[in-house]
Amino acid sequence: SEFEDVLKDAQEKGYAEKDPSADIEGYDACRKIAILTSLVCGQQVDFNDIHTEGITKISATDIKYAKQMGRVIKLLASSKKTENGYSAMVAPFLLSPEHPLYNVNDVFNAIFVHGNVLGDAMFYGSGAGKLPTASAVVGDMISAVRFGDEPEKIGWSSEKLEVHPAAELSRKYFARFEGSERAKKEAVAAAFGDVKFVTLEGTDEFAVLTGEMTGEEFDAAAAKVGGLRQKPDYDPDMVPDAMPVSDDDRALLSGMRGNESRPGTPFRASGTKLSVPSGGTVYGIGSCVGCGFLDPVFCHGKQEIPTGVG
């Protein structure tokens, strides 16, 4: 089935809103990873600085490739601490069965955390439906009654954190090219080096899974091969022109941020191009769709498929 058919089915089952833009375009996941990153680092992360791609450009052909490779496509919001600071992004990823997020399906959401001492940890539960939503609302009401005018301290400093472009990180990519593997094999090898070829019977294209490279390196290599199918609208500095923000969103973000009295303290609380991150700190996975050993793959743009969290 194509994306529109799947979305319609999800709406009929009550899993998707009448206006699903926040979910399918990645806006909701972007806000969540901004909040999680702010809590982790203790500084303000502006969600408008985070590269964000949804799942609307994922096609039935992409899903067929994923199945042939034994992977699934998941929309992931990821945040990673590097030597230069923090890097965050939202995009669809290819996940292998070994990844803890592989089996997060239906209305379930998960947050996967990798720490230098903790190792791997995952928080999992329902993210949609009448009862889960009602439970969250009642929980907020109880907290309001319990804490009254002195709510539990949870937030971060107003000092803004500079989020580095996700394209600066090295990851593996999955890319679809026009033509045959036989005709372009030498050109692919010259541009990308060692790759894994993937083909689908009855198509006029082939795909490759690359070794680790940055976004700029991928773009340069793909240009040498030529015929990148449905070239991704990928720009390392791209952010949504106008990500919808409600008054409730502004109030929430403003209220959580205002803990300046304790800055620095811990708070409670193809044209198809894919990439595989070599490591990560926080991955959040949304209602639909890594890291070295777990071998995640990243996709961004019109036909990209990364392995991560959303």
Side-chain angles (χ1 to χ4, degrees), residues 3-4 6-11 13-40 44-58 73-79 86-93 95 101 104-113 122-137 139-140 154 156 163 166 238-257 269 280 282-289 298-301 304-306 308-310:
F3 177 80
E4 292 76 10
V6 176
L7 174 60
K8 183 179 179 181
D9 181 59
Q11 289 174 317
K13 293 179 178 178
Y15 297 161
E17 302 288 344
K18 184 176 182 181
D19 179 0
S21 300
D23 290 323
I24 64 177
E25 296 294 353
Y27 301 151
D28 185 55
C30 176
R31 295 173 187 135
K32 289 175 179 175
I33 202 64
I35 292 173
L36 287 172
T37 306
S38 296
L39 288 169
V40 168
Q44 168 70 6
V45 175
D46 188 340
F47 59 79
N48 282 308
D49 294 339
I50 298 175
H51 175 80
T52 302
E53 300 172 24
I55 56 174
T56 56
K57 299 300 187 294
I58 299 299
I73 301 172
K74 302 286 185 180
L75 179 64
L76 303 180
S78 62
S79 176
Y86 283 85
S87 195
M89 71 177 301
V90 177
F93 281 75
L95 295 180
L101 294 169
V104 179
N105 299 310
D106 300 322
V107 298
F108 291 92
N109 289 357
I111 298 175
F112 175 70
V113 179
M122 188 168 82
F123 307 88
Y124 172 87
S126 297
K130 295 180 180 179
L131 293 180
T133 302
S135 175
V137 172
D140 288 341
I154 152 177
W156 50 84
V163 178
M238 182 187 77
V239 295
D241 292 331
M243 184 181 295
V245 185
S246 68
D247 291 338
D248 288 340
D249 290 329
R250 292 190 180 91
L252 172 63
L253 294 173
S254 175
M256 293 183 70
R257 185 179 65 240
V282 179
Y283 284 105
I285 192 168
S287 54
C288 31
V289 212
F298 163 72
C299 309
H300 49 88
E304 277 191 65
I305 305 175
V309 186

- Query: Do side-chain atoms of S79 reach the backbone of A88 as a donor and acceptor pair under 3.5 angstrom?
  - Reply: no

- Message: To the closest 0.5 Å, what do you measure between CG (L36) and CD1 (I111)?
- Response: 5.0 Å

- Message: Given 3.5 Å as the limit, does a donor-acceptor pair link the side chain of T52 with the main chain of I50, or not?
- Response: yes

- Dump the intermediate steps for side-chain contact (heavy atoms from CB on, under 4.5 Å) on V40 and Y86, then the final yes or no. CA-CA 10 Å; V40 168; Y86 283 85; 3.6 Å; yes

- Task: Measure the shortest side-chain to side-chain distance between V113 and F123 over non-hydrogen atoms and say whether it is less than 4.5 angstrom.
- Result: yes

- Rounded distance [0.5 Å steps], CG in L101 versus CG in L95: 6.0 Å

- Note on the structure: Smallest heavy-atom separation, V90 atom then G26 atom, equals CG1-O, 3.9 Å

- Message: Strictly distance-based, threshold 3.5 Å: is any side-chain N or O of S135 a donor or acceptor partner for the main-chain N or O of L131?
- Response: no

- Task: Working to the nearest 0.5 Å, report the span between CD1 of I35 and CZ of F47.
- Result: 9.5 Å

- Item | Considering all heavy atoms, the nearest S87-A166 contact | OG-CA, 3.3 Å

- First locate atom CE of M89, then atom SG of C30, and finally report the distance between them rounded to the nearest 0.5 Å. 11.0 Å

- Message: Please report the interatomic distance CG(D28) to CD(E17), rounded to the nearest 0.5 Å.
- Response: 9.5 Å

- Query: Side chains of T56 and E25: closer than 4.5 Å at any heavy-atom pair?
  - Reply: yes

